[in-house]
Peer 1: 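Dumping the structure here so I can ask a few things about it.
Every heavy atom of this structure was used, including side-chain atoms; hydrogens, water molecules and symmetry mates were not.
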Amino acid sequence: MSETTFSVSDSAARRIAFLAAKEPKPVMMRVAVLGGGCSGFQYNFSFEEQRNEDDLLIEHGGASVLVDSTSLELLKGSQLDYVEEMVGSAFQVKNPNATSSCGCGNSFSV
């Protein structure tokens, strides 16, 4: 995994492709970093039909993932993963830039 890119695991790609196939129109998953959350920043996942001019498009395993240029600065070297555990399943961002995170893993600081 490069320090300057954002990647998508095979597990995340499979789950995104599965969820996107259920939508009535073709969609891409957007991964964004927003201000807020208990640690300063929080991850936001949504499906969108349109790609913005400043978006990085990652296509992997039948899935399309968008990351805007501002969020990409905070996500350099990170990977989007989909984890299935006994307590539940969720998308997780493995972010080497995060100096701390909250207990739920959706909020972080740099």
Peer 1: What donor-acceptor contacts under 3.5 angstrom involve side-chain atoms of residues 82-90, with partners at least two apart or in another chain?
Peer 2:
residue: Y82; atom: OH; partner: R15; partner atom: NE; Å: 3.3
residue: Y82; atom: OH; partner: S89; partner atom: OG; Å: 2.9

Peer 1: Say whether N52 and D54, considering side chains only, have a donor N or O and an acceptor N or O under 3.5 Å apart.
Peer 2: no
Peer 1: Working to the nearest 0.5 angstrom, can you tell me the gap between E73 CD and N97 CG?
Peer 2: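 Answer for the CD-CG pair, E73 versus N97, is 9.5 Å.
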Peer 1: State which residues pass side-chain contact (heavy atoms from CB on, under 4.5 Å) with Q50; sequence neighbours excluded, sorted by chain then number.
Peer 2: none
Peer 1: Roughly how far, to the nearest 0.5 Å, is OG of S9 from CD1 of I16?
Peer 2: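 That separation rounds to 8.0 Å.
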Peer 1: Could you walk me through whether V93 and F45 pass the side chain to side chain contact (heavy atoms under 4.5 Å, CB included) check?
Peer 2: CA-CA 10 Å; V93 176; F45 307 107; 4.0 Å; yes
Peer 1: How long is the span from the CD atom in Q92 to the OG atom in S11, to the nearest 0.5 Å?
Peer 2: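 Going from the CD atom of Q92 to the OG atom of S11 covers 10.0 Å.
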Peer 1: For a quick test of your reading: what N or O donor-acceptor pairs under 3.5 Å do the side chains of residues 56-67 make, sequence neighbours left out?
Peer 2:
residue: H60; atom: NE2; partner: D10; partner atom: OD1; Å: 2.6

Peer 1: Could you list the donor-acceptor pairs under 3.5 angstrom formed by side chains in residues 20-35, with sequence neighbours left out?
Peer 2:
residue: R30; atom: NE; partner: E48; partner atom: OE1; Å: 3.0
residue: R30; atom: NE; partner: E48; partner atom: OE2; Å: 2.9
residue: R30; atom: NH1; partner: D55; partner atom: OD1; Å: 2.9
residue: R30; atom: NH2; partner: E48; partner atom: OE1; Å: 3.2
residue: R30; atom: NH2; partner: D55; partner atom: OD2; Å: 2.6

Peer 1: Can you measure from CG (L75) to NZ (K94) and round to the nearest 0.5 angstrom?
Peer 2: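 Taking CG in L75 and NZ in K94, the distance rounds to 14.5 Å.
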Peer 1: Looking at every heavy atom in both L80 and A12, which two are closest together, and how far apart are they?
Peer 2: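 Reported closest heavy-atom pair: O-CB, 3.5 Å.
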Peer 1: Could you measure the distance from the CZ atom of F6 to the CG atom of L74? Nearest 0.5 Å is fine.
Peer 2: 11.5 Å
Peer 1: So, using side chain to side chain donor-acceptor pair (under 3.5 Å) as the criterion, who are the partners of S71 when residues are at least two apart?
Peer 2: D68
Peer 1: What ring pair (Phe, Tyr, Trp, His ring centres under 6.0 Å) pairs are there with at least one residue in residues 11-34, not counting sequence neighbours?
Peer 2: none
